[in-house]
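Within every chain, numbering begins at 1; the chains are lettered A, B, ... in the order of the sequence lines, protein sequences first and strands thereafter. In what follows, every heavy atom counts, from backbone to side chain, and hydrogens, waters and symmetry copies are set aside.
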Protein chains: 2
Amino acid sequence: MALAHTILTVLSEQPSTGYDISKRFEESVSCYWKASQQQIYRELGKMEVAGWVSFDLIPQAGKPDKKVYRITPAGQAELARWYPEPTEPAPIREDLLVKVLAGAFMPQAQLVAELRRRRQGHLDQLMRYQAMEAQYQVHPNPPRQEQYRYLTLRRGLRYEQDWIAWCDEVLALLAPTADDITTAHYR
Amino acid sequence: MALAHTILTVLSEQPSTGYDISKRFEESVSCYWKASQQQIYRELGKMEVAGWVSFDLIPQAGKPDKKVYRITPAGQAELARWYPEPTEPAPIREDLLVKVLAGAFMPQAQLVAELRRRRQGHLDQLMRYQAMEAQYQVHPNPPRQEQYRYLTLRRGLRYEQDWIAWCDEVLALLAPTADDITTAHYR
DNA sequence: AGCCTATACTCAACATATTGAGTATGTCAA
DNA sequence: TTGACATACTCAATATGTTGAGTATAGGCT
């Protein structure tokens with residue numbers, strides 16, 4: 001359900017095509033909501049039926065016609081209805097943690113390699129977020145929307161930093177003996 | 001796909017019924033993998049067809065018959081095949097972050113209330129994990145499996161701590177003015 | 001005596017997400 | 001000029017996850 005509300009939120013900022021929304025998801029929303037183009041198009045279709053959004057069909061020469069969606073009063077009402085509902089933490093399904101659990105039965109070198117690879121990936125993402133964060137520092141008095149967007153970016157930053165710190169912690173325990181952590185002490 | 005591999009991993013530790021697996025998921029695996037009983041039963045059925053697990057039917061007086069599943073050599077081979085494959089970070093879909101983004105258009109008091117509520121929830125979970133962590137301290141020389149399990153628990157601990165820290169950060173920026181963060185400075 | 005919880009599993013319907021193909025054209029660079 | 005990439009959307013199949021009901025009985029509590 002919340003995909004619809006995420007779309008309603010980004011449409012509150014400005015009317016957009018499905019394609020635009022997908023772009024915006026990738027660049028700034030992706031740290032807390034992943035959705036494919038197909039999902040967005042399908043959801044927009046459903047939301048249109050529900051009356052939460054409407055669109056203008058903009059004929060284009062050459063390219064396919066654009067559907068520029070905007071939020072309707074009914075959509076705003078739905079957003080307001082949803083807003084105060086309590087949220088639950090998102091369920092987590094982390095393959096990497098399963099691999100750590102299975103570590104007792106599998107070659108440790110493979111786990112160590114994977115942890116190093118993942119650490120690097122999280123570091124790359126962290127650096128992208130830090131570049132985005134630097135953008136916020138240059139504007140002395142940003143619009144209200146930007147301030148809230150910044151708070152979501154902070155979540156992304158922390159998330160990547162936390163992953164890196166955990167990878168380091170695990171690698172420090174696994175790497176010294178290279179195939180046995182029996183001698184490593186906890187904490 | 002990885003649900004099957006998670007089940008294979010817990011079955012590597014010991015043969016279990018679907019019911020048992022579900023219990024174990026809830027208590028110790030839930031910090032990185034959530035799955036309902038129904039999902040587990042269905043997945044076990046598919047895995048049995050694939051030959052990755054087999055079961056003994058234990059007739060029980062009164063209760064329905066037990067299916068005690070164990071991993072087969074084919075299942076072990078599948079786990080070994082899967083193990084070195086690179087993992088991707090799990091896609092995130094966090095309602096709360098969407099609400100933060102929508103904060104510019106919605107009553108701030110509702111967001112603040114929700115952040116406080118969520119902070120408390122993460123604190124409760126953190127305390128449960130800390131109680132579990134204390135269990136590991138008492139065993140001086142734990143079996144190998146327990147050591148890896150401990151590393152996954154560390155991820156859960158960090159995750160909750162990180163959420164709490166972010167909630168505090170956001171609340172500190174939002175709360176002072178109670179309905180406007182214009183005057184708050186970044187970082 | 002009646003109710004709740006735990007054990008133990010099955011089936012069905014629905015919702016959500018992923019993957020891949022298909023349509024159509026403009027722009028830019030090798 | 002060929003090919004990659006961006007724009008812009010649609011359809012279909014499959015995979016995965018959620019929700020709710022249904023079957024059955026033991027044991028403990030009120």
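Close to D:dT18, at under 4.0 Å from its OP1 or OP2, lies a side-chain N or O of B:Gln39. Checking the phosphate oxygens (OP1, OP2) of C:dC9, a side-chain nitrogen or oxygen of B:Thr17 falls inside 4.0 Å. Applying the 4.0 Å criterion to OP1 and OP2 of C:dA8, one finds that B:Lys23 has every side-chain N and O outside that range. Distances shown here put a side-chain N or O of B:Lys67 below 4.0 Å from the OP1 or OP2 atom of C:dT10.
Across the protein-nucleic acid pair, B:Ile21 atom CD1 and C:dT7 atom P stand 15 Å apart, rounded to whole Å. As rounded to whole Å, 17 Å separates atom P of D:dG17 from atom CG of A:Leu3. To the nearest angstrom, P of C:dT7 lies 17 Å from CD1 of B:Ile58. One interatomic measurement links the two molecules: CD of A:Glu43 to C1' of D:dC9, which rounds to 16 Å at whole-angstrom precision. Atom P of nucleotide C:dT7 and atom OH of B:Tyr19 are separated by 4 Å, given to the nearest angstrom. The distance between atom CD of B:Gln37 and atom P of C:dA6, rounded to the nearest whole Å, is 12 Å. One interatomic measurement links the two molecules: NZ of B:Lys46 to C1' of D:dT14, which rounds to 10 Å at whole-angstrom precision. A:Gln38 places its CD atom 12 Å from the C1' atom of C:dG22, with the value rounded to the nearest Å.
Across all strands shown, A:Gly18 has heavy atoms under 4.0 Å from sugar-phosphate atoms exclusively, and none from any base.
No side-chain heavy atom of B:Thr9 sits less than 4.5 Å from a side-chain heavy atom of B:Val29.
The base of C:dA17 sits with one of its N or O atoms less than 3.5 Å from a complementary donor or acceptor on the side chain of A:Arg42.
Between B:Arg158 and A:Glu169 there is a salt bridge, since a side-chain N of the basic residue sits under 4.0 Å from a carboxylate O of the acidic one.
Nearest heavy atoms, A:Glu114 versus B:Pro86: OE1-CA, 3.5 Å.
Here C:dT18 is the nucleotide among D:dA8, C:dA8, C:dT18 with the atom lying nearest to any side-chain atom of B:Arg93. Out of C:dA17, D:dG17, D:dA8, the shortest distance to the side chain of A:Tyr41 is found at D:dA8.
Geometrically, B:Arg155 engages A:Trp163 in a cation-pi contact defined by less than 6.0 Å to the ring centre and at most 45° from the axis.
Mapping B:Asp65 and B:Pro91 onto DNA chain C by nearest heavy atom places B:Asp65 closer to the 5' end of the strand.
With rounding to the nearest 0.5 Å, the separation of CG in B:Leu157 from CE in B:Met127 is 12.5 Å.
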